[in-house]
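Working notes, structure below.
Computed from a predicted structure; not experimentally measured.
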Amino acid sequence: MNKVFLVGNVGRDPEVKYLDQSKVVATFPVATTERGFTAPDGTVVQPQTEWHRIVAWGHSAKFVEQYIKCGNKVFIEGKLSTRSWVDSAGVTRYTTEVVVLNIESMMAKPKEEEAPAPTNPPF
């Protein structure tokens, strides 16, 4: 099973490209960080940050274009995909990406978008 779940912060505004009328792709980096800690023996383990290349297609890319910006916290469900290409010097290069299956913004909604509190108790 090829499944990835990430919760992290968007490192740069997404780059969105329309390949034709029906194909759209968005790419952006996401940083995930494991917290540091002090082991029982006193060893200090520093926080570790990993950067992930994210690729969204279709409806997910349109969602990204509209709602995802640099600094946003996101939840991503996806799959790993490795691809290769030959650069201008003739060297074969590889990259591993997370292809989005589902993406959600974890940003708090502004107060004006929240439903108003009921004025009378429901009983």
Q | Interatomic distance, T32 atom OG1 to N9 atom CG [nearest 0.5 angstrom] | A | 9.5 Å

Q. Which value, rounded to the nearest 0.5 Å, describes the distance between K69 atom NZ and F28 atom CZ?
A. 11.0 Å

Q) Just how far is it from atom CZ of F63 to atom CD of E104, taken to the nearest 0.5 Å? A) 7.5 Å

**Q.** Residue pair K23 / V25, side-chain heavy-atom distance below 4.5 Å
**A.** no

Q. Should R53 and T27 count as side-chain neighbours, where that means a heavy-atom distance under 4.5 Å?
A. yes

(Q) Please tell me whether V10 and V64 are part of a single hydrophobic cluster in this structure, the criterion being side-chain heavy atoms less than 4.5 Å apart. (A) yes

Q: Side-chain contact test, heavy atoms from C-beta onward, threshold under 4.5 Å: evaluate it for I54 versus L6 and give yes or no.
A: yes

Q) Between OG1 of T49 and CD of E34, what distance do you get to the nearest 0.5 Å? A) 9.0 Å

**Q.** Pairwise distance CZ(F37) to CD(Q46) - rounded to 0.5 angstrom
**A.** 10.5 Å

Q. Are W57 and I68 in one and the same hydrophobic cluster, where Ile, Leu, Val, Met, Phe, Trp and Tyr link if side-chain heavy atoms are under 4.5 Å apart?
A. no

Q.
Would you say V99 ends up clustered with F75 if hydrophobic residues are merged whenever their side chains have heavy atoms under 4.5 Å apart, either directly or through other cluster members?
A. no

Q) For the side-chain contact (heavy atoms from CB on, under 4.5 Å) test, which of V45, T43, V44 pairs with T38? A) V44

**Q.** Under 3.5 Å: donor-acceptor pair, side chain of N2, backbone of L80
**A.** yes

Q. Quick one: do V100 and V74 end up in the same hydrophobic cluster if we chain Ile, Leu, Val, Met, Phe, Trp and Tyr together by side-chain heavy atoms under 4.5 Å apart?
A. yes

Q) Do you know the tightest heavy-atom contact between P29 and W51? A) CB-CE3, 3.9 Å

Q | Closest approach of A61 to A56 (non-hydrogen atoms, all atoms of both residues) | A | CB-O, 3.4 Å

Q: Evaluate side chain to side chain contact (heavy atoms under 4.5 Å, CB included) for V16 paired with V24, printing each intermediate quantity in order.
A: CA-CA 7 Å; V16 179; V24 59; 3.6 Å; yes

Q) When hydrophobic residues are tied together by side-chain contacts of less than 4.5 Å, even through go-betweens, does F5 share a cluster with V7? A) yes

Q: Please say whether more than 12 non-hydrogen atoms of neighbouring residues, nucleotides or ligands are located less than 6.0 Å from CD in E50.
A: no

